[in-house]
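For reference, the structure discussed in these notes is given below.
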Amino acid sequence: MAHELEFVNGKASMAYAGALPWHGLGVEVPADLTPVQMLDAANLNWRVEKVPAYAQIAGENISIGKSALVRDRDNHILDVVSDDWNPVQNEDAFEFFNEFVMAGDMEMHTAGSLKGGQIVWGLAKVKESFELFKGDQIDAYLLFSNFHKYGCSTDVRFTPIRVVCNNTLTLSLNSSVERMAKISHRKIFEPDNVKEMLGIATDKLGKYKEMAQFLGSKKAKDEDIVEYFCRIFPVNSSSKKEKELSRNAQIALDVLHSQPGAEYAEGSWWQPFNAVTYMTDHLVGRSADTRLTSAWYGANKNLKTKALETAIEMAEAA
């Protein structure tokens, strides 16, 4: 099975506190770890160094004007970057959580390494949540993604998770809001500036609650739900038949009434939207960790934004 999660001495480079994460991976640790202790538990206590990169030509080492990002634990080359690249060390990334954890506002939840160390993440649970439709609980998390990869910025953002099915959801219709917490490696990482850009978690979560309540208040007709899934998962064929469903659209339709939490706001636009988030997090992809990577950093992250935008658009028209 293909894995994107890194393994060290046969063990996944990941730690989690509390319930087993939705992707089913990692080593369980106590729920009261400090950010640094979580870093150690996930085997992330290594540093990266910029080393001048050379090309060997006619037996001579010629500088190529770039640097290799080298991990000190095993001298593994993570990537080749420009000379003005400023690495953010994993320890500094996890220090970002310290103020919140020490104040009791958050607790460390998971940490791990993907793609051979090119992506290191820390996820902390924010002690704020809300309940919808008499039992459908949404919790908030802060995700810090530290990239040791050319072309990727340091990424810090809030993400809600639907407890009943552990679906990761999209927080905002406006993707530019998320980009505000992306910091280029050509700049020095300033934690205080990032905290200011993120704003207050409860404000963002409150806006999401309003969107969710709206979807749950609008009835969805069967034919509109089919159209919705076709818009989210179109058939990739120039010769498609009328009303033909793509494979993923059919999967979404199949789990509409069987997904965990289907009983909440049943018959509303909240239900098909969550069918999309459920299938992308739990059913589509080669393995649990490839689904995790796609949900946070890849195509499924953008797909969920599209799913929310389209659900609201169709609910408004209903």
Exercise. Any salt bridge (charged side-chain N to carboxylate O under 4.0 Å, His left out) involving residues 75-90? Give me the pairs, sequence neighbours left out, ordered by first then second residue.
Key: Asp84-Arg186

Shortest non-hydrogen contact between [X] and [Y], atoms and distance:
X	Y	value
His109	Lys125	CB-N, 4.1 Å
Val81	Lys66	O-CB, 3.3 Å
Trp270	Ala212	CZ3-CB, 3.4 Å

Quiz item: Is the shortest side-chain N to carboxylate O distance from Arg71 to Glu6 below 4.0 Å?
Solution: yes

Just jot down the side chain to side chain contact (heavy atoms under 4.5 Å, CB included) partners of [X], sequence neighbours excluded, or say none.
X	result
Glu227	Asp224, Arg231, Met314
Ala307	Tyr228, Ile232, Phe273, Val276
Glu28	Tyr16

Quiz item: Atom CD in Glu313, atom CG in Leu308: separation rounded to 0.5 Å?
Solution: 11.5 Å

Quiz item: How far does CG of Asp40 sit from CG of Asn45, to the nearest 0.5 angstrom?
Solution: 4.5 Å

Quiz item: Partners of Glu49 by side-chain hydrogen bond (donor to acceptor under 3.5 Å, both in side chains), sequence neighbours excluded?
Solution: none

Quiz item: Honestly curious: do Phe147 and Ile77 fall in one hydrophobic cluster under the side-chain, below-4.5 Å linking rule?
Solution: no

Self-check item: Asp281 side chain reached by Lys304 side chain, heavy atoms, under 4.5 Å
Solution: yes

Quiz item: Above 12 or not: heavy atoms from other molecules or residues under 6.0 Å from CD of Glu60?
Solution: no

Practice problem: Mind jotting down which residue pairs meet the ring-ring contact (aromatic ring centres under 6.0 Å, His included) criterion with at least one end in residues 46-94? Sequence neighbours excluded, please. | Solution: Trp46-His148, Trp85-His185

